[in-house]
There are 2 protein chains.
Amino acid sequence: MPRQPAPGTRDKILGVASRLFYEHGVRAVGMSRIITEAGTGKNLLYQHFPTKSDLVAAYLEQAGERRRDATRRALAEAGNGAAGAAGPAGQLVAVVAEVGRLVERPGFRGCAFRNYLAEFPDDDSGRPDEDGSVPAVAPAVVAREYLAGSRQLIEGLVAELGVADPVRLTEQLWLLVDALYVQAAYREPADRHLGVEAAVALAQRLVAV
Amino acid sequence: MPRQPAPGTRDKILGVASRLFYEHGVRAVGMSRIITEAGTGKNLLYQHFPTKSDLVAAYLEQAGERRRDATRRALAEAGNGAAGAAGPAGQLVAVVAEVGRLVERPGFRGCAFRNYLAEFPDDDSGRPDEDGSVPAVAPAVVAREYLAGSRQLIEGLVAELGVADPVRLTEQLWLLVDALYVQAAYREPADRHLGVEAAVALAQRLVAV
DNA sequence: GTTGAAGCGGACCGAACGGTCCGCTACGGT
DNA sequence: ACCGTAGCGGACCGTTCGGTCCGCTTCAAC
């Protein structure tokens with residue numbers, strides 16, 4: 001039996017690429033730098049990710065998975081708060097508060113998906129390229145799907161809440177999430193907790209019947 | 001007397017560059033494309049803007065000027081609303097509503113300053129380059145100054161309002177502005193007015209004593 | 001009509017990009 | 001011990017980048 005490929009290579013490459021893409025922006029990071037910092041050969045990288053676009057899509061895919069996990073965890077903890085299940089009101093506040101905690105983490109540089117879409121406004125993914133080939137999974141598709149799913153989570157909880165104008169409330173809570181993310185993208189870390197506290201307080205006020 | 005330089009050249013170049021930078025992102029637009037679309041010679045462009053960084057800074061500078069003008073105009077109109085001067089409450093709502101109108105304009109692609117800072121997270125402007133030279137006015141400085149000034153406007157109006165917790169209210173209104181801008185950067189134009197209406201309604205509720 | 005600067009735009013430069021190919025080393029299976 | 005493949009990493013390719021230089025045309029001033 002021939003030799004086997006080393007396991008974990010893909011994860012190592014993807015980990016390095018994710019860190020660099022997130023910290024410096026996708027366009028600012030070249031493939032050669034990823035290869036150098038990952039300590040792997042060029043062959044290996046292009047074997048796992050045939051093009052840079054594939055690597056970027058995998059980066060966003062992984063980031064989305066982690067965000068969804070963190071959100072689920074926050075909802076579970078909110079459910080176990082004190083005694084028994086928190087209602088949808090508490091869960092909505094928990095969602096906003098979880099984003100707030102994320103935003104205050106050092107090194108946090110904004111939402112990976114919103115940052116990507118800001119960096120590549122011309123990425124109209126899904127449509128085939130001019131040469132007829134269509135990329136396997138385009139980064140912009142992954143980003144938009146994450147954002148849509150995240151919004152639907154809030155939409156669902158608001159529906160459970162049974163409020164008079166659910167659309168309006170969904171919009172307002174979603175505005176808060178958007179705002180927290182974008183503040184993290186340009187505001188000094190020390191100033192961010194002011195915004196976080198203001199957002200959480202406002203969320204509590206909004207979900208209160 | 002020798003021939004005179006053609007007037008308006010700088011404005012034409014800056015106009016073309018601004019449109020392209022805003023629509024496609026700064027990194028995605030090369031100098032050659034600006035030159036082609038402006039119909040001017042390479043010499044002329046580099047005469048007015050020695051480096052791309054200078055051109056980008058001028059683009060943001062001009063965008064800031066226009067935003068400040070639009071905000072001033074909105075405040076003046078709010079002051080003349082119905083009969084006589086609107087109080088700070090009405091002016092704060094007017095500021096949010098003006099951003100809302102901007103966001104609903106077709107072709108609007110988000111805040112130029114927030115988009116730039118998302119695209120160039122490593123632009124630590126103001127500090128000299130490694131070769132000792134310091135750029136005249138770095139783009140990131142322009143962007144950060146605009147954002148700081150915009151926030152101070154809200155801060156001042158909130159102070160006039162004489163509310164119990166001015167810091168909290170300033171934060172919350174600033175969150176709304178942030179959110180409107182970022183939604184415009186990735187959301188479908190048709191869906192935006194939902195967010196705008198929600199934000200304006202929330203602003204009115206926040207400034208109501 | 002002559003002259004000289006203004007200005008268009010192509011040639012060119014070094015660097016960096018994404019991506020391909022391949023030679024060499026190192027190590028696991030038999 | 002001997003294969004043979006996995007894998008590191010450099011050579012290389014075509015393209016594009018920001019930026020410089022210059023030849024040629026055009027047109028205003030005299």
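Labels below follow one simple rule: chain letters A, B, ... track the order of the sequence lines, proteins then strands, and each chain is numbered from 1.
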Task: Atom pair CZ (A:Arg10) and CG (A:Leu55), whose distance is rounded to the nearest 0.5 Å - done: 9.0 Å

- [ ] Please list residues of residues 8-31 of chain B whose heavy atoms come under 4.0 Å from any atom in DNA chain D, ordered by number; otherwise none.
- [x] B:Val29, B:Gly30, B:Met31

Task: With sequence neighbours excluded, residues passing salt bridge (charged side-chain N to carboxylate O under 4.0 Å, His left out) with A:Asp69 - done: A:Arg72

Open item on the list: Could you tell me how far apart A:Arg33 (CZ) and C:dC17 (P) are, to the nearest whole angstrom?
Closed with: 10 Å

Task: Inter-residue atom distance A:Leu44.CG - A:Thr9.OG1, 0.5 Å rounding - done: 5.0 Å

TODO: Take the protein atom CD of B:Gln47 and the nucleotide atom C1' of C:dC8, then report the distance between them rounded to whole Å.
DONE: 13 Å

Task: Whole angstrom value for the distance that separates C1' of D:dT15 from NZ of A:Lys52 - done: 15 Å

Task: Min side-chain heavy-atom separation B:Val56-B:Lys52 under 4.5 Å - done: yes

TODO: Only one of B:Tyr116, B:Tyr59, B:Phe113 passes ring pair (Phe, Tyr, Trp, His ring centres under 6.0 Å) with B:Phe21; say which it is.
DONE: B:Tyr59

Under 3.5 Å, which protein N or O atoms sit close to an N or O of nucleotides 20-23 of chain C? Give each pair with its distance.
residue : atom : partner : partner atom : Å
C:dC21  : N4   : A:Asn43 : OD1          : 3.3
C:dC22  : N4   : A:Asn43 : OD1          : 2.7
C:dC22  : N4   : A:Asn43 : ND2          : 2.4

Open item on the list: Nearest whole Å is fine: how far is C:dC17 P from A:Leu55 CG?
Closed with: 15 Å

Open item on the list: Would you compute the distance between atom CG of B:Leu117 and atom SG of B:Cys111 and round it to the nearest 0.5 angstrom?
Closed with: 8.0 Å

Result block: side-chain N/O donor-acceptor pairs under 3.5 angstrom for residues 170-179 of chain A, not counting sequence neighbours:
residue  : atom : partner  : partner atom : Å
A:Thr170 : OG1  : A:Pro166 : O            : 2.8
A:Glu171 : OE1  : B:Arg187 : NH1          : 3.0
A:Glu171 : OE1  : B:Arg187 : NH2          : 3.4
A:Glu171 : OE1  : B:Gly195 : N            : 3.4
A:Glu171 : OE2  : A:Arg151 : NH2          : 2.4
A:Glu171 : OE2  : B:Arg187 : NH2          : 2.7
A:Gln172 : NE2  : B:Ala198 : O            : 3.1
A:Trp174 : NE1  : B:Tyr186 : OH           : 3.0
A:Asp178 : OD1  : A:Arg114 : NE           : 2.7
A:Asp178 : OD1  : A:Arg114 : NH2          : 2.8
A:Asp178 : OD1  : B:Tyr186 : OH           : 3.0
A:Asp178 : OD2  : B:Gln183 : NE2          : 3.2
A:Asp178 : OD2  : B:Tyr186 : OH           : 3.0

Task: Nearest-0.5 Å distance, CD1 of residue A:Ile34 to OG of residue A:Ser18 - done: 9.0 Å

- [ ] Find the distance B:His48:NE2 to C:dA6:C1' and express it as a whole number of Å.
- [x] 11 Å

Task: Side chain proximity check, B:Val26 to B:Phe120, heavy atoms < 4.5 angstrom - done: yes

Could you list the donor-acceptor pairs under 3.5 angstrom formed by side chains in residues 97-104 of chain B, with sequence neighbours left out?
residue : atom : partner : partner atom : Å
B:Glu98 : OE1  : B:Arg67 : NH2          : 2.9
B:Glu98 : OE2  : B:Arg67 : NH1          : 3.3

Open item on the list: Please give me every residue in residues 34-41 of chain A whose heavy atoms get under 4.0 Å of an atom in DNA chain C, ordered by residue number.
Closed with: none

- [ ] For the residue pair A:Lys42 and A:Met31, establish whether any side-chain heavy-atom pair is separated by less than 4.5 Å.
- [x] no

